[in-house]
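Both counts, for ligands and for their atoms, begin at 1 and track the order of listing.
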Amino acid sequence: MKKSVVLYKKIPDDQRDKLSEHFNVTYFDGITEQNRNDVEKALAEADGLIGASMPIRQDLLNYAPKLKAISTISVGVDQFDIDELNKRNIRLMHTPSVLTDTTADTIFTLVLATARRAVELSMMVRAGKWHKSIGEEYYGVNVHHKTIGILGMGRIGSAVAKRAFAGFDMQVLYVNEFANKDVEQKYQAKKCELDDLLKQSDFVVITLPLTKETEKLINKQKLSLMKPSAILINGARGKIVDQAALTEALQNKTIRAAGLDVFKVEPLPIDSPLMTLDNVVLTPHIGSATYDTRYDMVVTAVDNIIMALKDEKPAYNLFNVQVS
Ligand code: DGY
């Protein structure tokens, strides 16, 4: 008999067909107040769960007594209560690797856009305010040959280091739990303490996962260590930065600018003071959002759940690996 899977995100038809070849699939376009009752009913029978962008915590897991595996179509897993999954012996799989280069490209888009004030100046042109050759009030700063400090030196951090060193002749500093010999050799990256990185870097780039340890890691005190000319880029998770303290630093120009793809609350509320600042580039959590990469993430997640429910080792199993 086929096992049951709840799919809670729209995915391409060919991948939904692949899921249906293996499982009885119940599909929901997200989990909302309106469909919550139906989701709970479907969870009662579910062996597997696949989707993205929704908090999956104890309140929902209580309706899923048979659940064995969750496959998230994301690299981040902060939307899950990991302790609870471990307690219930539920496997969790994610989709790293396929999104590494795309996310590093997004981060570099923010590096360049903030340094060269691309969004602000585009708005100036559209507003009909470009009357003569621009003066120094509109100048940007160089990216090439500057120092980039990368927080987190995993797959995405390494891909940012590669772009910075090979493409822009930048000096690379990094903070990471472990030394990453590969980036040290290939990109002359230097591991250092967080405070030193913040004091020395022209661009501070966050690529860390959100955990209890990294929540609000970049707070008022840490921001005060950055150079007034420095730019902060967050392509990881909004809650790693104290957003109120960052807003204040940008308003008072104690740092030059910020490029943010992620926020404390998403979507960013329309009344956020960040919306009023010229020296911040805001993008709507687009790290991996290209046609190619989002498709590859779905393929990885679908393959992961098929493997996990067959009791075989999925490609990217994070927790509760019990492979015979
Ligand atoms: C990820 O894959 O974690 C992206 O940030 C989308 O949530």
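A search for side chain to side chain contact (heavy atoms under 4.5 Å, CB included) contacts involving Glu215 returns Leu210, Lys239, not counting sequence neighbours. For Gln15, the side chain to side chain contact (heavy atoms under 4.5 Å, CB included) test picks out Ile11, Lys18, Tyr295, Val298, Val299, Val302, with sequence neighbours left out. Applying the side chain to side chain contact (heavy atoms under 4.5 Å, CB included) rule to Arg163 yields the partners Asp101, Ala104, Asp105, Phe108, Ala159; only residues at least two apart in sequence or on another chain are considered.
For ligand 1, the 4.0 Å heavy-atom shell contains residues Ser74, Val75, Gly76, Leu99, Arg237, His285, Met297.
Under 4.0 Å is where a charged nitrogen must lie from a carboxylate oxygen, and between Lys222 and Asp242 no such pair does. The residues Glu184 and Lys191 are annotated as not salt-bridged, no charged nitrogen and carboxylate oxygen being separated by less than 4.0 angstrom.
Geometrically, Arg16 engages Tyr27 in a cation-pi contact, judged by NZ or CZ lying under 6.0 Å from the ring centre and within 45° of the ring axis.
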